[in-house]
Protein chains: 2
Amino acid sequence: MNELVEKMPFDNKEENIQKAAIALKAMGHPLRLKILCVLGNQEFPVMDIVDQVGTTQSNVSQHIDILREKGIILSRREGSKILCRVRDAELLDLMDAMQRTFCQIH
Amino acid sequence: MNELVEKMPFDNKEENIQKAAIALKAMGHPLRLKILCVLGNQEFPVMDIVDQVGTTQSNVSQHIDILREKGIILSRREGSKILCRVRDAELLDLMDAMQRTFCQIH
DNA sequence: GACTTATATTAGCATAGTTTAATTTTGTTC
DNA sequence: GAACAAAATTAAACTATGCTAATATAAGTC
């Protein structure tokens, strides 16, 4: 139809762009990214995260809520604690790639 | 020093987190992400991008400025046109990985 | 140098996101 | 069920972003 279509290696369907932008936006906040880094490939209670990131329980809770809402992290209750973890291994790999791409000297 | 340190596979140095968060935030906007998808691995004048993304020249110009400022895209003048492109191949690879991670059915 | 094309800049307004502080809910232990 | 611990919720204040419309700059053409 349009010769530009063939030249575009990246899918630019509105729906996909929206999805990706929502996820990137969720991760694109220093405190939320720090929460993700603290979690890494493990599962931690909210309390532990609060201790690591250096802000209030309320603030962490709100940011965790955003990450959960956007599907970046999962959480489950265990007794009186809520355990959080990064969604899946694929996302952990992506975080690794992000680190390499954005945190090296260019 | 602390047994948690060894358990953390992800670098959580403040400086790196800041850097990555800034980049992710820049990419985490639908219009900016669309600009990046339109660019792909090619170089295009601002005008072409405006035509593709469906908003005003002023708006595109401002978003391009943000992407440039955060080091996501590069641009150069050629005559009366400004040609834009995604920073480097590594970032293109990352965009590819982002697509896979965020745009597939999970 | 007037006209056109391409891009950038500015200011104002509207909306969204962030943090703080206080309160509430949920679960556990005695 | 009182007291405590863990997490969530709410509201208010603050800050940042995004968009529009208008204007400015820069280069190319006649």
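Everything quoted here is computed from the prediction, not taken from an experiment. Side chains are part of it too, since the values below use all heavy atoms of this structure and drop only hydrogens, waters and symmetry mates.
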Interatomic spacing from CZ in B/F102 to CD in A/Q18 - rounded to 0.5 Å: 14.5 Å
Between B/T55 and B/V50, what is the shortest heavy-atom contact and its length? O-CG1, 3.7 Å
Mind checking which nucleotides bracket the chain B contacts on DNA chain C, 5' to 3', with an atom under 4.0 Å from a heavy atom? C/dA6 to C/dT10
Identify all side-chain donor-acceptor contacts of residues 20-30 of chain B below 3.5 Å with residues at least two apart in sequence or on another chain.
residue: B/H29; atom: ND1; partner: B/L31; partner atom: N; Å: 3.1

Check this for me, if you would: do A/E43 and A/R76 make a salt bridge, where the nitrogen-to-carboxylate-oxygen distance has to be below 4.0 angstrom? yes
Taken to the nearest whole Å, CZ/B/R77 to P/D/dT25 is 14 Å
Result for side chain to side chain contact (heavy atoms under 4.5 Å, CB included) between A/L39 and one of A/L92, A/V86, A/L67, A/I64 points to A/V86
Nucleotide D/dG18, atom P - distance to CD1 of B/I35 in whole Å: 11 Å
Could you check how far CG of A/L31 sits from P of D/dT15, rounded to whole Å? 18 Å
Contact under 4.0 Å: B/K25 side-chain N or O vs D/dT17 OP1/OP2: yes
Could you state the CD1-C1' distance from B/I22 to D/dA16, rounded to the nearest angstrom? 14 Å
Mind listing the residues from residues 56-71 of chain A sitting with a heavy atom below 4.0 Å of DNA chain C? Number order is fine. A/S58, A/N59, A/Q62, A/H63
Is a side-chain donor or acceptor of B/S61 paired with a backbone partner of B/Q57 at a separation under 3.5 angstrom? no
Got a second to check how far A/I73's CD1 is from A/R32's CZ, nearest 0.5 Å? 11.0 Å
Report yes if at least one side-chain N or O of B/R32 is closer than 4.0 Å to OP1 or OP2 of D/dG18; otherwise report no. yes
Working for side chain to side chain contact (heavy atoms under 4.5 Å, CB included), residues A/D11 and B/C103: CA-CA 10 Å; A/D11 183 5; B/C103 301; 5.8 Å; no
